[in-house]
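Chain naming here is simple, since letters A, B, ... match the order of the sequence lines and numbering starts at 1 in each. Reckoned from all heavy atoms, side chains included, excluding hydrogens, waters and symmetry mates.
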Number of protein chains: 2
Amino acid sequence: MPRPPVSRLTADDWAGAALDAIGRGGLAAVAVEPLAARLGATKGSFYWHFANRDALVAAALRRWEDGHTEAVIRFVDAEPDPRARIRLLLATVLTSTDHDPVEVAVLASAAHPLVAPALARVSRRRLDYTAQLFRDLGFPAAEAHRRGLLAFTAYLGHAQLAHATPALVPRGRADRQRYIDEVVALLTAPAA
Amino acid sequence: MPRPPVSRLTADDWAGAALDAIGRGGLAAVAVEPLAARLGATKGSFYWHFANRDALVAAALRRWEDGHTEAVIRFVDAEPDPRARIRLLLATVLTSTDHDPVEVAVLASAAHPLVAPALARVSRRRLDYTAQLFRDLGFPAAEAHRRGLLAFTAYLGHAQLAHATPALVPRGRADRQRYIDEVVALLTAPAA
DNA sequence: GAGAGACCATACGGCACCGTACGGAGGTCA
DNA sequence: TGACCTCCGTACGGTGCCGTATGGTCTCTC
């Protein structure tokens with residue numbers, strides 16, 4: 001079933017445009033009329049596919065939730081060596097922050113009633129997976145959880161800082177490499 | 001010069017109310033008319049003290065910038081032992097996140113043209129100070145900077161996570177204690 | 001106690017967005 | 001070909017906010 005390129009819009013088209021808007025201007029940028037103009041349509045189309053703005057925001061968040069997290073986990077989990085897995089995860093997420101404005105934008109609206117539950121699910125999933133990586137390395141559950149939490153919060157803060165003040169995070173290839181090496185070394189250091 | 005309690009408002013009153021509003025509802029909550037209602041005044045008062053909304057936002061941010069950061073640094077810097085200083089800093093900021101909504105709210109608007117420079121100044125100051133703590137401990141400058149960055153980003157992420165999903169950060173006194181101990185141990189572990 | 005200036009209330013116009021009402025174009029099937 | 005359904009454009013009213021205009025009130029000063 002071939003679909004004409006722009007003539008008719010689907011709910012998914014709107015959700016995708018909404019997610020783009022979140023990346024550009026945060027949750028507040030998900031506004032029906034500007035989005036319609038951007039899509040070359042009008043509100044008439046939108047209110048056919050969605051009941052209201054909240055429904056659109058929810059759809060965009062569902063898209064985000066299903067997307068990045070699981071993709072990264074699958075990618076990282078393909079690495080067999082436990083220590084290399086941790087390094088791969090950190091390298092992946094610490095560099096991805098440079099080109100993923102959606103991540104920080106969602107975090108920025110953490111208090112929003114629609115964002116909060118989605119963010120909670122994603123955070124728990126990520127934290128659980130990260131803690132698992134440290135258990136795979138042989139750390140007991142409680143300590144693995146603490147190390148995973150440190151790793152996860154460091155990632156969150158890194159994303160935030162890289163977005164707000166890029167000059168403060170390691171930028172060159174070599175510097176970033178060295179930083180990631182050191183973080184992995186510290187996070188996996190044997191217990192005192 | 002005694003001042004009647006509410007009858008006449010000063011620019012500082014407005015700036016304080018704006019900072020409160022940021023804590024409650026983010027930067028978007030700094031709206032003249034709702035703030036006026038909250039202060040029991042009208043826009044007439046506001047536009048006497050400020051040229052426009054941006055001027056109020058700027059004043060609130062200046063208040064935030066001058067406030068917390070330097071206070072924490074002075075408090076922590078009073079501790080003579082370098083290692084204890086790091087622990088004190090982490091314990092202070094990691095627990096303060098529970099009752100400081102302003103911090104995350106400002107971070108949430110990092111992209112705002114008025115917020116960005118203020119946030120950049122504060123971040124640089126904090127990061128520099130944290131790196132200094134690790135130099136005090138004997139680490140060479142480059143490594144101290146990397147460890148300071150890890151500590152600082154972990155704090156940022158912790159604040160974010162504690163605000164968005166409180167259930168995911170250590171809550172009990174003992175758990176938090178243990179977590180902070182472990183973070184300090186890992187951050188100050190001797191180089192491999 | 002009158003004038004000046006600081007401070008504020010009221011009223012207004014404007015803008016950007018939300019949501020609804022309704023009509024019309026295009027395809028589908030009898 | 002005509003009835004029908006899907007999808008969308010247009011037009012409208014409503015809301016919340018910004019900023020301005022203007023006049024009033026309080027306080028200080030001489």
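Put simply, CG on L56(B) is 13 Å from C1' on dC18(D), counting in whole angstrom units. Rounding to whole angstrom units, CH2 of residue W14(A) and C1' of dC18(C) are separated by 13 Å. In this structure, the CG atom of L39(B) is 10 Å from the P atom of dC8(C), given to the nearest Å. Rounding to whole angstrom units, OH of residue Y47(B) and C1' of dC12(C) are separated by 14 Å. A straight line from CH2 of W48(A) to C1' of dC22(C) spans 13 Å, rounded to a whole angstrom. If you measure from atom CG of N52(A) to atom C1' of dC17(C), you get 14 Å, rounded to the nearest angstrom. Taking atom CG of L35(A) as the reference point, atom C1' of dA16(C) lies 14 Å away to the nearest angstrom. Residue F46(A) contributes atom CZ, which lies 12 Å from atom P of dC8(D) at whole-angstrom precision.
Two residues are said to be in side-chain contact when any heavy atoms from C-beta on lie closer than 4.5 Å; F152(A) and L89(A) fail this criterion.
With dC7(C), dC17(C), dC17(D) as the candidates, the nucleotide lying closest to the side chain of P34(B) is dC17(D). Nearest to the side chain of H49(A), among dC17(C), dC8(D), dC8(C), sits dC8(D). Of the candidates dC17(C), dC8(D), dC8(C), dC8(C) carries the atom nearest the R8(B) side chain, counting heavy atoms from C-beta on. The nucleotide whose nearest atom lies closest to any side-chain atom of A31(B) is, among dC8(C), dC18(D), dC18(C), dC18(D).
The residue among S45(A) and A51(B) whose nearest nucleotide of DNA chain D is located toward the 5' end is S45(A). Nearest-nucleotide positions on DNA chain C for T42(B) and E33(B) put T42(B) closer to the 5' end.
The side-chain tip of R147(A) points at the ring of F139(A) from less than 6.0 angstrom away and within 45° of straight on.
Side chains of R124(A) and T165(B): a donor-acceptor N/O pair is absent below 3.5 angstrom, by distance only.
Under 4.0 Å is where a charged nitrogen must lie from a carboxylate oxygen, and between E70(B) and R121(B) no such pair does.
Ring centroid separation for the pair F46(A) and W14(A) comes in under the 6.0 Å cut-off.
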